[in-house]
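All remarks here apply to the structure that follows.
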Amino acid sequence: MKSTLIDVHTHIYPPAYLRLLRSRKQVPYLLDLPNHEGDEDSTHSDSPSPRLIILPSDNDQRIPPAKRGRPLDSGYSSVPEILEFMDVHGIGKSILSLANPWLDFLPASEGPKWALTINQELEEVCASSEGRLYTFGALPLSAPPPQICEAIQSLGGSPHVKGVIIGTSGLGQGLDDPALEEVYATLQQSQTLVFLHPHYGLPSTVYGPRAHESGHVLHLSLGFPLETTISFTRMYVSGVFDRFPRLKILIAHAGATIPFLAGRISSCIEHERLYHDMDGTRVGGPERSLQEVLTTNVWVDAVVYSASAVQAAADVVGRDRVLFGTDHPFFPPLKAGAEEWMSVKTNVQAVREAFEKAEVVDGILGGNATKLLDLP
Ligand code: URA
Ligand code: ZN
């Protein structure tokens with residue numbers, strides 16, 4: 001297969017991160033299973049994979065250990081397996097990012113050194129990949145802002161780093177926190193692309209008392225995009241893009257539900273009394289229109305498994321601002337031995353179905369990423 005696809009949304013837990021997870025007893029942590037507790041979910045090996053206890057709801061002692069959280073097989077960390085996955089699916093280049101929950105949970109004093117170690121490991125992996133792998137670096141977001149800024153600046157010296165990945169929690173108060181201004185100033189000044197990715201979902205009460213019957217379905221399909229939508233909209237309404245009009249942000253999962261809700265968000269702003277005086281003159285709220293921000297500051301990936309959804313995203317942000325991704329290795333085939341991943345195939349097909357013009361399809365599947373990330 002011709003390797004022309006560029007995957008901007010693909011994750012890894014590098015060895016240092018696995019050591020960190022293994023050293024912990026609180027979420028997130030790795031739960032090793034004794035050999036006899038066979039793991040029927042494991043697709044990569046006969047010995048049971050450790051379970052990644054990634055959400056507070058995974059840490060439920062009523063669930064048998066072999067069913068708790070997710071199986072973390074070698075596909076989450078093995079570079080040869082990543083390259084093999086790329087070959088099977090015709091992916092020429094991938095931008096690896098540390099998977100959630102990144103370094104959010106670390107004490108402030110620990111974050112910077114782990115970020116350094118993990119980013120070094122990622123840079124080394126990419127440097128020896130003969131041009132196939134690049135990375136979005138991890139940030140120590142629990143550390144004081146000057147140290148976060150230092151981490152951003154130090155990434156500038158790594159040739160394979162193409163931006164940074166962050167979650168929605170910021171310093172713990174979300175991405176509209178005034179304490180983040182210094183960080184945004186550094187990101188803008190260095191023109192560092194920010195890949196905004198969910199992890200926390202919504203408060204578990206919204207899923208109701210039967211949530212455990214559907215595993216991660218509600219969290220991943222609804223919690224993830226709504227978390228992202230809320231986080232970005234909070235940034236927008238608090239004026240982050242007015243104060244930092246050159247920030248560059250790549251929003252995961254085709255912009256979550258932002259493309260669909262953009263009109264509604266704008267209308268609510270136009271009708272918000274707090275933002276208007278008695279004459280109807282605008283006195284507050286974001287200055288730049290959401291449409292302007294979405295077409296100048298925002299890029300989205302195409303990880304949405306639907307032609308109409310990827311088309312809607314492209315209609316709102318622009319066809320040259322949509323970039324193919326896989327979310328590897330989070331949606332593996334559940335049938336043992338399957339080579340092709342349905343999750344990947346569905347995303348490629350959605351792009352091909354949504355757009356008639358070859359130049360648009362080629363742009364989304366690779367050309368747009370080449371341009372944005374300045375790839376060879
Ligand atoms: N995709 C991700 O990136 N992370 C998850 O935890 C699940 C799906
Ligand atoms: Zn992801």
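Ligands are counted one by one from 1 in listed order, and the atoms in each one are counted from 1 as well.
Side-chain contact check for Thr10 and Ser94: no donor-acceptor pair (N or O, by modelled atom type) lies under 3.5 Å. Looking at Ser97 and His11, their side chains do bring a donor and an acceptor atom within 3.5 Å of each other. For the residue pair Asp7 and His89, no side-chain donor N or O sits within less than 3.5 Å of a side-chain acceptor on the partner.
For the pair Arg22 and Asp32, the salt-bridge criterion is met [side-chain N within less than 4.0 Å of a carboxylate O].
Ring centroids of His328 and His9 are separated by 6.0 Å or more, keeping the two rings apart.
Between Asp242 atom CG and Glu292 atom CD the span is 9.0 Å, to the nearest 0.5 Å.
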Go ahead and list the nitrogen or oxygen contacts between ligand 1 and the protein that come in under 3.5 Å, distances to 0.1 Å, or just say none.
from: ligand 1; atom 1: 1 (N); to: Asp327; atom 2: OD1; distance (Å): 3.4
from: ligand 1; atom 1: 1 (N); to: Asp327; atom 2: OD2; distance (Å): 3.4
from: ligand 1; atom 1: 3 (O); to: His11; atom 2: NE2; distance (Å): 3.0
from: ligand 1; atom 1: 3 (O); to: His197; atom 2: NE2; distance (Å): 3.0
from: ligand 1; atom 1: 3 (O); to: Asp327; atom 2: OD1; distance (Å): 3.0
from: ligand 1; atom 1: 4 (N); to: Asn100; atom 2: OD1; distance (Å): 2.8
from: ligand 1; atom 1: 6 (O); to: Arg70; atom 2: NH1; distance (Å): 2.8
from: ligand 1; atom 1: 6 (O); to: Arg70; atom 2: NH2; distance (Å): 3.1
from: ligand 1; atom 1: 6 (O); to: Asn100; atom 2: OD1; distance (Å): 3.4
from: ligand 1; atom 1: 6 (O); to: Asn100; atom 2: ND2; distance (Å): 2.9

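With waters left out, the protein N, O or S atoms under 2.8 Å from the Zn ion (ligand 2) add up to 4.
Closest non-hydrogen pair, Leu250 versus Val8, comes out as CD2-CG2, 4.3 Å.
None of Glu287, Glu182, Glu181 except one satisfies the salt bridge (charged side-chain N to carboxylate O under 4.0 Å, His left out) rule with Arg243; the exception is Glu181. Considering Lys248, Arg288, Gln188, Arg246 as possible partners of Asn297, the one that fulfils the side chain to side chain donor-acceptor pair (under 3.5 Å) test is Arg288.
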